[in-house]
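Here the structure is laid out as structure tokens; the discussion comes afterwards.
Chain A is the first sequence line, chain B the second, and so forth, proteins listed ahead of strands; every chain is numbered from 1.
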Amino acid sequence: MPGLAAPLIAWYRDAARDLPWRREGFGAWGTLVSEFMLQQTPVNRVVPHLEAWLTRWPTPADLAASPPGDAVTQWANLGYPRRALWLHRAAVEIRDRHDGVVPRDVDALLALTGIGDYTARAVAVFAYGDRHPVVDTNTRRVLARAIGGRAQPGPPHRRDLEAMEAELPADIAEAAIVNAAAMELGAIVCTARAPKCEACPLAAQCAWRVAGYPASEDRRRKQATYEGSDRQTRGAVLKTLREAAPAAVPVFAVIPEWPDAAQRDRAIDSLIADGLVEADDDHLRLPGHPSS
DNA sequence: GACGCGTGGAA
DNA sequence: TTTCCAAGCGT
């Protein structure tokens, strides 16, 4: 097995997209915010929101000083609004536990709200230049195909980190590039549907291609139907409150047209339980308590 | 390990 | 049109 590092590094030098968080000196806070936004939201939708966010809140302390509801409003339609709440909590934790500086240590990053195996290592590697395996869904797919010979990866697993670690050069700077290049390859060449193998630097050594693109059992979770779901209902409720913010909205005026009143009430209750919505008297609003 | 969690663009 | 997919995380 020749290894993936050398061809990935050469390819990345020419093919990498020019993205804001790859600019020199983008900063650890910017990297952290970008990674939160990129958790399940496509790059093209993140870019404009990221710039607006960092203009409003240039440091973790700036965000921590605002009400969490403002973060939910600024999050707008990026989806999964819990991430806005988690990012706000992380900012408070950074202010209180790390003197306002995004931590560099992976375990310290993992201890922050909303940061898991991927985001912690992404910040340590891309913002601070340390040497760790960074494994997202793109990298898992590249590894599954190039090394495992399978069409798609299985569910995320700690073993993925070990597989990526085995591909990293000893040189710290090169290791960071290999991490970024594997993700980039999965994002723009080794895509889930219709991979562009003719443009792939790993084509000659790709186990999946060499084996003739065998179909493998797809163990990925199917996404639940969105139309008519509780998630859709929650989204509609929160959209109403974002558009009214910072004003509160009478409960009777929150998606009154919704066909299933019980589902609407269930959505409101779950949003309150998640801390995304506050209820007082007969009104609902985004959470407004200062963070401390 | 499996589930719940938004939103919009592309095939 | 419907389905699939997108730099995951907490429970």
Euclidean distance, atom [atom1] of residue [X] to atom [atom2] of [N] [Å, nearest integer]:
{"X": "A:His49", "N": "B:dT7", "atom1": "NE2", "atom2": "C1'", "result": "10 Å"}
{"X": "A:Asp230", "N": "B:dC3", "atom1": "CG", "atom2": "P", "result": "16 Å"}
{"X": "A:Asp160", "N": "C:dC9", "atom1": "CG", "atom2": "P", "result": "13 Å"}
{"X": "A:Leu78", "N": "B:dC5", "atom1": "CG", "atom2": "P", "result": "19 Å"}
{"X": "A:Asn44", "N": "B:dG9", "atom1": "CG", "atom2": "C1'", "result": "10 Å"}
{"X": "A:Asp274", "N": "C:dT11", "atom1": "CG", "atom2": "C1'", "result": "11 Å"}
{"X": "A:Arg82", "N": "B:dG4", "atom1": "CZ", "atom2": "P", "result": "11 Å"}
{"X": "A:Gln152", "N": "C:dC4", "atom1": "CD", "atom2": "P", "result": "12 Å"}

What's [X] touching, base or sugar-phosphate or nothing? Going by heavy atoms closer than 4.0 Å.
{"X": "A:Thr119", "value": "sugar-phosphate"}
{"X": "A:Arg141", "value": "sugar-phosphate"}
{"X": "A:Arg22", "value": "base"}
{"X": "A:Thr137", "value": "sugar-phosphate"}
{"X": "A:Arg220", "value": "sugar-phosphate"}

If you only use heavy atoms from C-beta on, which nucleotide in [options] is closest to the side chain of [X]?
{"X": "A:Tyr80", "options": "B:dG8, B:dG6, C:dA7", "result": "B:dG6"}
{"X": "A:Trp86", "options": "C:dA6, C:dG10, C:dA7", "result": "C:dG10"}
{"X": "A:Ala192", "options": "C:dA6, C:dA7, B:dG1", "result": "C:dA6"}
{"X": "A:Gln223", "options": "C:dA6, B:dC5, C:dA7", "result": "C:dA6"}
{"X": "A:Asn77", "options": "C:dA7, B:dG8, B:dG6", "result": "B:dG8"}
{"X": "A:Tyr226", "options": "B:dT7, B:dC3, C:dC9", "result": "B:dT7"}

DNA chain B: A:Ala236 or A:Pro156, which has the more 5' nearest nucleotide? A:Pro156

For the base of [N], is there a side-chain donor-acceptor partner from [X] under 3.5 Å away?
{"X": "A:Arg140", "N": "C:dG8", "value": "no"}
{"X": "A:Thr41", "N": "B:dG8", "value": "no"}
{"X": "A:Arg193", "N": "C:dC5", "value": "no"}
{"X": "A:Arg45", "N": "B:dG8", "value": "no"}

Any side-chain to backbone donor/acceptor pair from A:Asp269 onto A:Arg266? Under 3.5 Å, distance only. no

Lys/Arg N to Asp/Glu carboxylate O, A:Arg89 vs A:Glu93, below 4.0 Å: no

I'd like to know if A:Arg264 pairs up with A:Glu257 as an ion pair, taking the criterion as any Lys NZ or Arg NE/NH1/NH2 lying under 4.0 Å from an Asp or Glu carboxylate oxygen. no

Indicate yes or no: at least one non-hydrogen side-chain atom of A:Leu85 is less than 4.5 angstrom from one of A:Val72. yes

Measuring only the P atom in each nucleotide, how far is C:dT11 from B:dG6? A whole number of Å is fine. 15 Å

Ring centres of A:Trp57 and A:Trp29 under 6.0 Å apart? no

Distance col, row A:Thr119:OG1 vs A:Leu110:CG, nearest 0.5 angstrom, shows 9.5 Å

